[in-house]
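Lettering follows sequence order; numbering is per chain, from 1. These numbers were taken from a predicted model, which means no experiment stands behind them.
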Amino acid sequence: MRPAHVVVILVAISGFAACVDDPQYVEPRLNLEAGGDGMTGPAEASFTLPIIVERDFDVRDRQALAEQLGMPADQVPYVKVDDLRVELELTVKNLSDEPGQATLKVNGANQFYSYVPINFVVDPEEDEEPPSLLGGYPIEVPAFGQISDTLREDEVREASIDLEIITRGGGNPFAAILMIQEDLEEWQPVAPVDPADPSMGTMPVGDPISIEAFAHILRFDLSFTATQHMVLEIAARVRDHRGIVHDELLDAPPGQLQPFMPMEFTPAGAPP
Amino acid sequence: MRARGGIPGSSVERDRAARGESGRTPGAQKGAWRPHGTSEHRTYAPSRPRRDGRSRRWSLGSPLAAAALVAAAAAPAAARPASVGFYSEAGLGATGFLGDASGWSAVGPALDVRAGRDLWEWLSIGVHLEASSHEATVPPPPVGEYYQLYRGYADGRLGFRVGAIAVFAEGGAGLAYMSSNVLQKVRILDPGERFGFAFSAGGGAEYQLQNRHYAVGLAGGWWLIPDFASLQGIDGRLYLRYTY
């Protein structure tokens, strides 16, 4: 084979390969503004990834996986943790003439549950609020300046795993979020510690959940605070391994998007 | 055998003496000072026809002289033959954008492949695939993100050759694909839009190598993708062409 043939073939192959998993940018057009005059408390907003309605073969695949894992089909998520790679791109602009500090906390929901840290505070006098799934660190922004940051794909994947451990897995949110779980293969769900007999620790409940049946975060709940008048802009960079993100993204007709209705997770013992 | 009176006695010795150190015949030695020709059967350039002196003085202003100059310029083409037929081509270069889009995308490297057929020496048709990678310089976020622009054309090339140098003009029409929607933020792409019709036009110069199959060239062009908010740009490439 002549060198020119080899070059043509390699370029053609690489061209087709390049089209797989090309990133798409979901722009929720949220201008979260905080720290300005009269702005008390955090600026909050949410956006959900535009996932297409589950197709027949998606249902069959999910049922087949459920059978393989020995789980009920409705416990296997439509969007699993390795179906997507999501990265959050954020930019904070300081509109004031003083340097300041901004903080973005990102929590969220998969198709089953949402995570709300304050729900884990049983006794406000003694209990500390658990950390957020993502972010939560201060960002120094110079006067009239802007800072861009990224919550990487591996961090978002880790947050998806943490969310499952905390909710369906019954794990402690502090332990789940502060520990790295990226190599987890399965998780044994546990019952929360009995306040009457804490020495017993956590007790296993049911069968282990395989990482293949872990759900991906689909809704991102943002909470933005700033010490000066600042604006946050955010975009999600999504690589779709299964072709389940709608081509038109947030401009897609609602009828073509899968409706998700996650329940707000409340741990046992928490006030209703 | 003994020599008599300094004359070699044998025919072999006489032949050696006549050839001298070069080992060539006296006839061959006459032309030994001439540069070597291209044929392996001839060790020196062929003699030119002798002139009688009457045609040496040409006037540059005469039509005959002009025709002779053109003929002289075309003469080396025979000494640098080029294959005509199916061809493939690979090139490397850069692609940049024109207009408003130049603010949203950086100049990026480009890879270019072509294949087709020369219908005649002066006309070729073929397909042309080009991929280029660019940093999106849209308002943040995102920051530091790259995307790829793929273009495929059916194209034609029109040109002529003078000696080892060919110049050409080319143009094509086809499709373009953008690997991500990062330019949707600046309204170059519409929601869900990835493909668009594309047009290109350009030209270049090509140098035919001694091997009749290979040529190298430098080319540039302009392209337009009307569906992507009339996105347009220019590209340049250095290429190697192989004609079968």
Quick check: are there more than 12 heavy atoms from other residues, nucleotides or ligands sitting under 6.0 Å from CD of Glu121(B)? no
Against chain A, label Glu193(B) side chain, backbone, both or neither, depending on which of its atoms sit under 4.5 Å from a heavy atom there. neither
Can you establish whether the number of heavy atoms outside Asp82(A) located under 6.0 Å from its atom CG is more than 12? yes
So for atom CZ, which belongs to Arg29(A), do other residues, nucleotides or ligands contribute more than 12 heavy atoms lying within a distance under 6.0 Å? no
Contact summary for Val143(B) and Glu89(A), nearest pair of heavy atoms: N-OE1, 4.0 Å
CD on Glu145(B) to CZ on Arg237(A), rounded to 0.5 Å: 4.5 Å
If you take all heavy atoms of Pro141(B) and Leu90(A), which pair is closest and at what distance? CB-N, 4.1 Å
Quick one: CZ on Arg194(B) to CD on Gln24(A), what's the gap to the nearest 0.5 Å? 5.0 Å
Rounding to 0.5 Å, atoms OH (Tyr150(B)) and CG (Asp22(A)) come to a distance of 6.0 Å
Identify which part of Ile234(A) has an atom lying under 4.5 Å from any heavy atom of chain B, answering side chain, backbone, both or neither. backbone
Is any side-chain heavy atom of Glu27(A) closer than 4.5 Å to one of Lys185(B)? yes
Neighbour count above 12 (heavy atom, 6.0 Å) for Phe197(B) CZ: no
